[in-house]
There are 2 protein chains.
Amino acid sequence: MGTQFDAGSAIGGVLYKDVKHAILAALAAGEWKAGEVIPSERKLTDRFGVSIGTLRKAIDELVAENIMIRHQGRGTFVATHRQEDHFFRFFRIVRQDGHREYPRVRLARFRRAKADQEEATALAIAVGDPVFRFTNVLSLEGKPVMIDAITVPEARFKSLTEKQLRERPNTLYNFYQDIFGINVIRIEEHLRSALANEDDHTLLGVPVGSPLLKILRIASSFHDERIEYRVSRLDTTCHEFALSQP
Amino acid sequence: MGTQFDAGSAIGGVLYKDVKHAILAALAAGEWKAGEVIPSERKLTDRFGVSIGTLRKAIDELVAENIMIRHQGRGTFVATHRQEDHFFRFFRIVRQDGHREYPRVRLARFRRAKADQEEATALAIAVGDPVFRFTNVLSLEGKPVMIDAITVPEARFKSLTEKQLRERPNTLYNFYQDIFGINVIRIEEHLRSALANEDDHTLLGVPVGSPLLKILRIASSFHDERIEYRVSRLDTTCHEFALSQP
DNA sequence: TTACATTTGTTCGTATGTATA
DNA sequence: TTATACATACGAACAAATGTA
């Protein structure tokens, strides 16, 4: 049974917000998957019993939040990380002259573990809960520039194997979508400066003690569900973290 | 004479975009200043000869771009940096436990100079063009944590004096608005890691060679007019640069 | 406190334009 | 060409917030 919706039982008092949340709920329930088209505006107005204007306002917000994409003449689609724009929305590392490039990714480590305090806080789970830890080394122009130490909760990534990670054809977040039905729609990042240690020296080839940009990232899905905790270390000799507001 | 607008002579073919740009033009022409209320929707529909829906869609975009703020029952206002939210939109330094706080600012240096290559590129002016350079030291919880080396083009800040900067009651961007009629609506930032030098040691009290977060910022106004170039150096021992997307 | 005018916010619905398959 | 889908434009009616008399 699809998600039913009764405008009369609206809680918020603001109809388009209720419609938005109903769509979000259907999305979280897996009714439509990433990359798929959702029903037409006409069908959705029938389903939710609202006017076209109200429905559009609801979807307007979902589009503004990068959860959906509209294409005139084709339909409205659930956002995917396959799209180039979407990838560079979360991957903000550029060459200092502004050049953008897809990184080459090498899986350096993979293991099951129990969440430490830092991971538990970031992922909103308990200390000791099972997690997967893996490390990627990212290269630009053939040179390693960043180490990603990634932690994901086992509860949400049950069947994850090293082989899958090594052989995934697309981006990591696209992989989360395709295999686990997980949509990363929001990230929070905290940036600090740090000195390179032995590990950085080994993986990036930088001297111990050279300055690195440290990026702590928490990735979330709908309803602020914590999906991934990531600590990155970037060699900023030739590259940097680029940011634009708004 | 106020900006006239003739829907019949619309260029873009999309009416609400024309209305938006007409409003933006009136704004840039100084018809309404920061913090002021603009005419009611009814008056603007009369002026531009469009329907309420079209006008609202135009203003929707201006609000989404943080150029205007709507208040139900009061009116629509030109955005100001006085508002707390607005300040923390551009000031992203927080304590590592998430605590936010207004910084105390001390003007450490001020002088007229000629733009070097880096400043010229950032501000889209010619090398050698006159600029003002000044340095602020920002403190949080009474401890200096960041140095801001700021460059602004003299052409846009004719009468700027050290005294004004030292005595400004509000935030810097608010000062730009009040005294020079300049609205900062967009910033672009690039983050790198660097090692502390003698100057950092003197102003921040950190050891030479300790890691600092280096932030290069270009602030722009309407039509991408470059307003300010700023190179910041942050001690990330207890603080960090926080970022949320979307 | 109350009543009222003003302003933005929400919801409705229709008509027409434009892009796509 | 045709059907479908989203985009734009219009405007009416009512709700909610605000400031003032």
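In what follows, chains carry the letters A, B, and so on, assigned in the order in which the sequence lines appear, proteins first and then strands, with residues in each chain numbered from 1.
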Colleague: Using only side-chain N and O atoms of A:T76, determine if any of them is under 4.0 Å from OP1 or OP2 of D:dA5.
Modeller: no
Colleague: So does A:E189 pair up with A:R230, basic N to acidic O under 4.0 Å?
Modeller: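 A:R230 and A:E189: not salt-bridged.
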Colleague: Quantified as the angle between the terminal helix axes (five pairs each), what is the overall bend of the helix from C:dT2-D:dA21 to C:dA21-D:dT2 to 10 degrees?
Modeller: 10°
Colleague: Classify the side chain of A:Q72 and the base of C:dT18 as holding, or not holding, a donor-acceptor pair under 3.5 Å.
Modeller: yes
Colleague: Mapping A:G73 and A:I52 to their closest nucleotides on DNA chain D, which lands nearer the 5' end?
Modeller: A:G73
Colleague: Applying a 4.0 Å non-hydrogen cut-off, can you work out what A:R56 is touching in the nucleic acid: base, sugar-phosphate, or nothing?
Modeller: base
Colleague: Please report, to 0.1 Å, the donor-acceptor pairs under 3.5 Å made by any side chain of residues 63-71 of chain B, with sequence neighbours excluded.
Modeller:
residue : atom : partner : partner atom : Å
B:E65   : OE2  : B:K20   : NZ           : 2.8
B:R70   : NH2  : B:D60   : OD1          : 2.1

Colleague: Is the shortest distance from a Lys or Arg side-chain nitrogen in B:R95 or B:E141 to a carboxylate oxygen in the other one below 4.0 Å?
Modeller: yes
Colleague: Looking at C:dG9, I'd like to know if its phosphate oxygens (OP1 or OP2) sit under 4.0 Å from a side-chain N or O belonging to B:R70.
Modeller: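 So the side chain of B:R70 is within the cut-off, an N or O lying under 4.0 Å from OP1 or OP2 of C:dG9.
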Colleague: Taking only side-chain nitrogens and oxygens of B:T54, does any of them come within less than 4.0 Å of OP1 or OP2 of D:dC10?
Modeller: yes
Colleague: Answer yes or no: does atom CZ of A:R100 have more than 12 heavy-atom neighbours from other residues, nucleotides or ligands under 6.0 Å?
Modeller: yes
Colleague: Which one, C:dT8, C:dT11, D:dA7, comes nearest to the side chain of A:E41?
Modeller: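 Given the options C:dT8, C:dT11, D:dA7, the side chain of A:E41 is closest to D:dA7.
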Colleague: Counting the atoms with a prime plus P, OP1 and OP2 as sugar-phosphate, which does A:G53 contact under 4.0 Å by heavy atoms, base, sugar-phosphate, or nothing?
Modeller: nothing
Colleague: Closer than 4.0 Å, any side-chain N/O of B:K57 to the OP1 or OP2 of D:dA9?
Modeller: no
Colleague: Any carboxylate oxygen within less than 4.0 angstrom of a Lys/Arg side-chain nitrogen, looking at A:E41 and A:K43?
Modeller: no
Colleague: Would you mind classifying the nucleic acid contact of A:K43 as base, sugar-phosphate or nothing, using non-hydrogen atoms under 4.0 angstrom?
Modeller: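 Here A:K43 touches the backbone only, sparing every base.
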Colleague: The test is side-chain contact (heavy atoms from CB on, under 4.5 Å); show your working for B:F87 and B:H81 and say whether it passes.
Modeller: CA-CA 6 Å; B:F87 177 75; B:H81 290 279; 6.0 Å; no
